[in-house]
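Throughout, protein chains are lettered first and strands after them, A, B, ... in sequence-line order, and every chain is numbered starting at 1. Small disclaimer: the values here were computed from a predicted structure and weren't measured.
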Number of protein chains: 2
Amino acid sequence: MLIRVDPGSGVAIYDQIAASVRAAATRGALSPGERLPAARELAEALDVNVHTVLRAYQDLRDEGLVDLRRGRGAVVTDAAARGASLLDAVRALVAEARREDVGPQTLISLIREEYPA
Amino acid sequence: MLIRVDPGSGVAIYDQIAASVRAAATRGALSPGERLPAARELAEALDVNVHTVLRAYQDLRDEGLVDLRRGRGAVVTDAAARGASLLDAVRALVAEARREDVGPQTLISLIREEYPA
DNA sequence: CTATTGTTCTAATTTCACTAGCACAACCGA
DNA sequence: TCGGTTGTGCTAGTGAAATTAGAACAATAG
């Protein structure tokens with residue numbers, strides 16, 4: 001399964017699902033035009049409520065990463081494929097952060113502060 | 001004020017406070033030995049409860065970024081100064097992400113997925 | 001000694017994630 | 001056309017976590 005979830009992770013389940021899809025798309029494991037599992041189907045596979053999956057899908061739609069339509073499902077958009085070139089930079093950044101004993105919280109805090117402007 | 005908060009940001013207030021401090025320390029705006037505002041004082045300035053500020057301070061203590069002691073307050077540790085070399089890399093990464101129209105959610109998702117392993 | 005500051009405690013309120021079940025509308029394939 | 005699939009929308013309830021509030025207490029600085 002492409003998508004995994006850890007209930008006691010502190011991160012909301014719908015956020016973990018969305019994060020999995022974002023990462024998979026960037027990684028190229030999900031190509032534009034491809035369809036995500038049906039919400040009901042994925043919900044059962046993850047032993048989670050349908051609404052929780054839908055919440056993740058709708059967040060992804062709001063970000064423009066998927067196209068949601070009744071009967072058709074959640075289709076990955078072209079936008080989701082962008083940023084593949086960021087992967088190496090991200091890996092390098094994380095590696096350096098760990099080398100300097102900088103936690104993920106700090107790294108994420110830095111990114112959130114650099115973005116808005 | 002070094003620390004700002006947006007109540008409707010989706011991010012918990014105590015997390016925003018902690019994030020501000022993490023970023024400020026990494027940026028060098030907060031040097032080791034320096035003291036954070038007293039909890040009661042900051043709480044009033046942000047129009048927030050004292051416990052909320054304390055929660056942020058305690059999280060920072062758990063991460064080793066500040067030293068908490070009664071009567072003395074929250075003092076920035078040496079550990080908080082680490083990672084200054086990451087700043088450029090973070091800025092470059094964010095810049096490239098925006099150039100490619102990649103949102104902050106995706107960037108953060110990527111980092112969270114690269115960390116644990 | 002006195003004022004400051006974090007610590008601890010109880011308690012109430014509020015917000016949000018998650019679950020549950022249902023009806024409905026758009027879409028697809030046969 | 002028809003039947004099954006899929007997201008949408010709604011109401012409702014539960015539980016955990018965030019936030020607020022107020023108080024007493026212990027360590028520290030001056």
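Of the inter-residue distances, the one linking S109(B) atom OG with E114(B) atom CD reads 11.5 Å to the nearest 0.5 angstrom. To the nearest 0.5 angstrom, H51(B) atom NE2 is 10.0 Å from Q58(B) atom CD. Put simply, CD1 on I111(A) and CG on L107(B) are 4.5 Å apart, with the number rounded to the nearest 0.5 Å.
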Shorter than 3.5 Å, N or O on both sides, protein versus nucleotides 18-21 of chain D: list them out with atom names.
residue : atom : partner : partner atom : Å
dA18(D) : OP1  : Y14(B)  : OH           : 2.7
dA18(D) : OP2  : R55(B)  : NH1          : 3.3
dT19(D) : OP1  : I13(B)  : N            : 2.6
dT20(D) : OP2  : N49(B)  : N            : 2.9
dT20(D) : OP2  : T52(B)  : OG1          : 2.7
dA21(D) : N6   : H51(B)  : NE2          : 2.9

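Between R112(B) and I108(A), the closest side-chain pair of non-hydrogen atoms falls below 4.5 Å. Taking the side chain as every heavy atom from C-beta outward, T26(A) and V102(B) never approach each other to under 4.5 Å.
There is a path of hydrophobic side-chain contacts, each under 4.5 Å, that joins Y115(B) to L93(A). I3(B) and Y14(B) sit in two unconnected hydrophobic clusters of ILVMFWY residues. Membership requires side-chain heavy atoms under 4.5 Å apart, directly or through other members.
Sorted by first and then second residue, the pairs that involve residues 14-31 of chain B and meet salt bridge (Lys or Arg N to Asp or Glu O under 4.0 Å), not counting sequence neighbours, are E113(A)-R27(B), R22(B)-E63(B).
In this structure, the salt bridge (charged side-chain N to carboxylate O under 4.0 Å, His left out) partners of D59(A), at least two apart in sequence or on a different chain, are R55(A). For R82(A), the salt bridge (charged side-chain N to carboxylate O under 4.0 Å, His left out) test picks out no residue, with sequence neighbours left out. With sequence neighbours excluded, the residues satisfying side chain to side chain contact (heavy atoms under 4.5 Å, CB included) with A95(B) are R99(B).
Remark: Q58(A) is not in phosphate contact with dG7(D), judged by side-chain N or O atoms under 4.0 Å from OP1 or OP2.
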Got a list of side-chain donor-acceptor pairs under 3.5 Å for residues 83-90 of chain B, not counting sequence neighbours?
residue : atom : partner : partner atom : Å
S85(B)  : OG   : E96(A)  : OE2          : 3.2
S85(B)  : OG   : E100(A) : OE2          : 2.7

Result block: side-chain N/O donor-acceptor pairs under 3.5 angstrom for residues 31-48 of chain A, not counting sequence neighbours:
residue : atom : partner : partner atom : Å
E34(A)  : OE1  : S31(A)  : N            : 2.9
R35(A)  : NH1  : R72(A)  : O            : 3.3

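Overall, the helix from dC1(C)-dG30(D) to dA30(C)-dT1(D) carries an axis bend of 50° between its ends, with five pairs at each end and the value rounded to 10°.
Think of L54(A) as one node in a network of Ile, Leu, Val, Met, Phe, Trp and Tyr side chains linked at under 4.5 Å; its network also takes in V50(A).
Between chain B and DNA chain C, the heavy-atom contact criterion of under 4.0 Å yields a 5' to 3' nucleotide range of dT4(C) to dC9(C).
Non-hydrogen atoms lying under 4.0 Å from DNA chain C are contributed by nothing in residues 19-26 of chain A. Non-hydrogen atoms lying under 4.0 Å from DNA chain D are contributed by L68(A), R69(A), R70(A), G71(A), G73(A), A74(A), all within residues 64-78 of chain A.
Between D59(B) atom CG and dA17(D) atom C1' the separation is 13 Å, expressed in whole Å. In this structure, CZ of R40(B) is placed 11 Å from C1' of dA23(D), rounded to the nearest angstrom. Summarising the geometry, the separation between CD on E41(A) and C1' on dT6(D) is reported as 11 Å, rounded to the nearest angstrom.
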